[in-house]
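To start, the structure itself, in structure tokens.
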Amino acid sequence: MSAPAPSINARESPDPTSGPQDNGVIIRRLLALSWQYRWGCIKVLGLQCTLLFMGLFGLGLTGLAVDHLRYHVEQGAPAPSWPLGSTPPEHWSPMFVLLLISMGVLAMALARGVINGLYTLAFADLLQAKIVVRLRADVFDKLQRLSFRFYDQNASGSIINRVTQDVQNVRLFVDGVVVQAVILTLSLCIYLGYMLSIHPLLTLACLSTTPLLWLTTVIFSRVVQPAYRKERVMFDDVVRTLNENLSGIHVVKGFAQEGLQVDRFGQVNAVLTRHKDWIFKRVATFPPFIGFLTQLNLVVLLLYGGILVIRGELPLGTGMIVFAGLLQQFSGQVANISNIANSVQQSLAGARRVFEVLDAPLTVQSPPQPVPIEQCRGRITFENVSFEYEPGRPVLNNISFTALPGQTIAILGTTGSGKSTLLSLIPRFYDPTSGRILLDGVDLRDHSLDELRRHIGLVFQESFLFSSTVAQNIAFGHPGASREQIERAARTAAAHDFIMNLPDGYDTLLREAATDLSGGQRQRLAIARAVLLEPAILLLDDPTAAIDPQTEHEILTAMDQASVGRTTLVVAHRLSTLRRADLTVVLEHGRVVQIGTHEQLMRERGPYRRAARMQIADPRSLELLNLPPAPDQPGDQADDEADQRREETP
């Protein structure tokens, strides 16, 4: 379970924190996670305890069989010590008794096999069907609610790793640490008690190396823990390199850089491999050293225990042999400390990254008592709005203007002037650093996020379509929309005709990223998706960028139909779009430098007229069309030079 998100003031946008770094804090949270699944853990532990006791019982039967044989083979050998003080009837032959003991060992083995299968199923159900699924869902849920600031600061490869591999490493804490630690502790206590009951001094002598085992484990943990953290970062680089290559495969092939990309991937993969080799070498040397120490215990048993057997102070079967089996089991459990220590380090490295997501503050969220939007008219007012992604580096500075209901506002500016950022503030992808944005006179931060965004339609410069049917893509924001509503939205976006020409019409399944459609078709589907809910506000982020004139005409037609009766803000560079706007806001370096209608701005010296003049056909083209050349306005050249100097000045 994720920790509850910290409560923040609706007007504040705190920077994300890096999450817990202290190992003690992380371990306590992992233990709390395990406690949520305590009944599943108890079931697993119960089955493991049953296996443990059955194993001990089988070992005892083996020792009893050895003492029984020795008693009947070796003259003067002590009689076996039967459990519960009972002895077999005298008329039973030695072979019959041995057969019964063997059948008991066999029955115990069969029962252990059945219970071991139940244990495996219970273990898998606890881990993969419950813990991993729930934790991965929690992380994904948090990712949906985080603002764009989190995605600006974290690469997609890192985020994917947190949802996949890091969640698996958190799961490792439950099965590889908590469950195994409890089993180990319980087993050691039972083995130790059994050995003490056989011979206390022999037990103390055989376990004299145990403190050295613990010291070795502590040193190992301190060595490998930072290495596992670094490994996760390196793995992020591998995934990021792969993701970038797949996303940009057209560029790679277009510039014939396949070989360079192979070398690049090989380099990051080799760095990860070398680091893993370093870890594996440390991990590989730890178990053998632990095993060597445990074998010393066996040497002590053979020497000291052998003397006790010769003196007749210790039975051979239920004493020496059973003790040897217990010591081997005890040593195996102690050696398992290395696996638990290794699992602790892996799970801590993964848990730290998972908790960074779960603990990331929701810098943009709904207020505790949101103001309902009774009837959205669509009046948008920017009041002295400033915004910065990084402190001290403003992207927007003191922006003020008003979009009246039903107006179309064009946003014009050079690259990096803050146009897309300005649009992103309206649906509250980010909140202003200072100032405020009003919707019908109410601060956007006073409304519920979900309710606010239901009144806003969005069309991005490169609209993303999902690998589903055309109808499902249009109805993405309103899955319960009827076919009639979907078709009406498609007609509004001038998309119905081309949809009907697709193989299955609205039921046509689109390939990944809708590569089977043209750019204009994808944009018109995006417009249909935006207008399906009939929003009062429509935001268009340069939808006619980098397209041919015919496609531009198709999209402009769709835009004209979609913007009727809606407050529309459109980022635009083309004169064909700018002329359609009721008002144009011109940005330079994050500031409003001009605002007005097309006619007003064309009569003013400034960046708007200069941008428009750059799109007017050259004199030779006008001559070929039998049109008179456009006369230069007085001062145009000086105006251009002044604008150029202003653009070059930060």
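Heavy-atom contacts from other residues, nucleotides or ligands closer than 6.0 Å to CH2 of Trp35 number 12 or fewer. At most 12 non-hydrogen atoms from other residues, nucleotides or ligands lie less than 6.0 angstrom from CZ of Phe140.
Side-chain N or O atoms of Thr433 include one that pairs as donor or acceptor with a backbone N or O of Glu388 at under 3.5 Å. A distance-only check finds no donor-acceptor pair linking the side chain of Gln180 to the backbone of Val177 [under 3.5 Å]. Within the 3.5 Å criterion, the main-chain N or O of Ser417 finds no donor-acceptor partner in the side chain of Thr414. Checking side-chain atoms of Arg352 against main-chain N and O of Ile26 turns up no donor-acceptor pair under 3.5 Å. Within the 3.5 Å criterion, the main-chain N or O of Leu51 finds a donor-acceptor partner in the side chain of Arg112.
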Mind listing the side-chain donor-acceptor pairs of residues 193-200 below 3.5 Å, one per line with the distance, residues two or more places apart or on another chain?
unit_1	atom_1	unit_2	atom_2	d
Ser197	OG	Tyr194	O	2.5
His199	ND1	Leu202	N	3.2

Show me the donor-acceptor pairs, under 3.5 Å and distance only, between side chains in residues 268-277 and residues at least two apart or in other chains.
unit_1	atom_1	unit_2	atom_2	d
Thr273	OG1	Asn269	O	2.7
His275	NE2	Ala227	O	2.8
Lys276	NZ	Glu231	OE2	2.4

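For the atom pair CG of Leu314 and CZ of Phe323, the computed distance is 8.0 Å after rounding to the nearest 0.5 Å. Separation of atoms CG (Leu188) and CD1 (Ile183) is listed at 11.5 Å; rounding is to 0.5 Å. Between the CE atom of Met108 and the OG1 atom of Thr62 there is a distance of 10.5 Å, given to the nearest 0.5 Å. Between Gln261 atom CD and Arg264 atom CZ the span is 5.5 Å, to the nearest 0.5 Å. With rounding to the nearest 0.5 Å, the separation of CG in Leu47 from CG in Asn116 is 9.5 Å. Considering CG of Asn473 and CG of Leu465, their distance stands at 5.0 Å, rounded to 0.5 Å.
For the pair Leu396/Leu425, a side-chain contact is recorded, criterion being any heavy-atom separation below 4.5 Å from C-beta on. The shortest side-chain heavy-atom distance between Phe330 and Cys206 does not fall under the 4.5 Å cut-off. Side chains of Val238 and Phe265 form a contact here, defined as non-hydrogen atoms less than 4.5 Å apart. Put simply, the side chain of Val364 does not reach to within 4.5 Å of the side chain of Phe148, judged on heavy atoms. Side-chain contact between Ile159 and Phe150 is present, with heavy atoms from C-beta onward closer than 4.5 Å. Counting heavy atoms from C-beta on, the side chains of Leu362 and Leu146 come closer than 4.5 Å. Side-chain contact between Phe173 and Val170: absent, with no pair of heavy atoms (C-beta onward) separated by less than 4.5 Å. Using a 4.5 Å heavy-atom cutoff, the side chains of Thr363 and Asp431 are not in contact.
Between Arg136 and Val167 the shortest heavy-atom distance is N-CG1, 4.1 Å. Contact between Ser420 and Asp541 at its shortest, heavy atoms only, is OG-OD2, 2.9 Å. Shortest non-hydrogen contact noted between Ser366 and Leu449 is OG-N, 2.8 Å. Across all non-hydrogen atoms, the minimal contact from Met320 to Gly306 is CE-N, 3.8 Å. Shortest non-hydrogen contact noted between Cys49 and Leu186 is SG-CD2, 2.7 Å. Heavy-atom minimum distance, Val395 versus Gly418: CG1-CA, 4.1 Å.
With Met54 as the partner, the side-chain contact (heavy atoms from CB on, under 4.5 Å) test is satisfied by one option alone out of Thr50, Leu56, Leu52: Thr50.
Asn169 and Ser347 share no side-chain donor-acceptor pair at under 3.5 Å.
With sequence neighbours left out, Ala205 forms a side chain to side chain contact (heavy atoms under 4.5 Å, CB included) with Val300, Tyr304.
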For this session: Given side-chain contact (heavy atoms from CB on, under 4.5 Å), test Leu207 with Leu192 step by step and report yes or no.
Result: CA-CA 9 Å; Leu207 301 183; Leu192 180 61; 3.5 Å; yes

Problem set entry | Worked check of side-chain contact (heavy atoms from CB on, under 4.5 Å) between Leu201 and Leu308 | CA-CA 11 Å; Leu201 290 179; Leu308 294 176; over 6 Å; no

For this session: Apply side-chain contact (heavy atoms from CB on, under 4.5 Å) to Val571 and Leu423, showing your working.
Result: CA-CA 8 Å; Val571 170; Leu423 287 191; 3.5 Å; yes

For this session: Show the numbers, then the answer: is there a side-chain contact (heavy atoms from CB on, under 4.5 Å) between Leu143 and Tyr151?
Result: CA-CA 9 Å; Leu143 288 173; Tyr151 294 93; 3.4 Å; yes

Exercise. Going through the distances and angles, do Arg134 and Asp141 end up as a salt bridge (charged side-chain N to carboxylate O under 4.0 Å, His left out)?
Worked result: CA-CA 10 Å; Arg134 174 65 181 275; Asp141 175 76; over 6 Å; no

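Salt-bridge annotation for Arg353 and Glu356: absent, with no side-chain N of the basic residue lying under 4.0 Å from a carboxylate O of the acidic one. A salt bridge does not link Arg453 with Asp450: every distance from a Lys NZ or Arg NE/NH1/NH2 to an Asp or Glu carboxylate oxygen is 4.0 Å or more.
Ring planes of Phe466 and Phe476: parallel class, angle under 30° (limits at 30 and 60°). Aromatic ring orientation, Phe460 versus Phe429: parallel (interplanar angle below 30°, classes split at 30° and 60°).
A cation-pi arrangement is absent between Arg149 and Tyr430, since the terminal nitrogen or guanidinium carbon is not both under 6.0 Å from the aromatic centre and inside a 45° cone about the axis.
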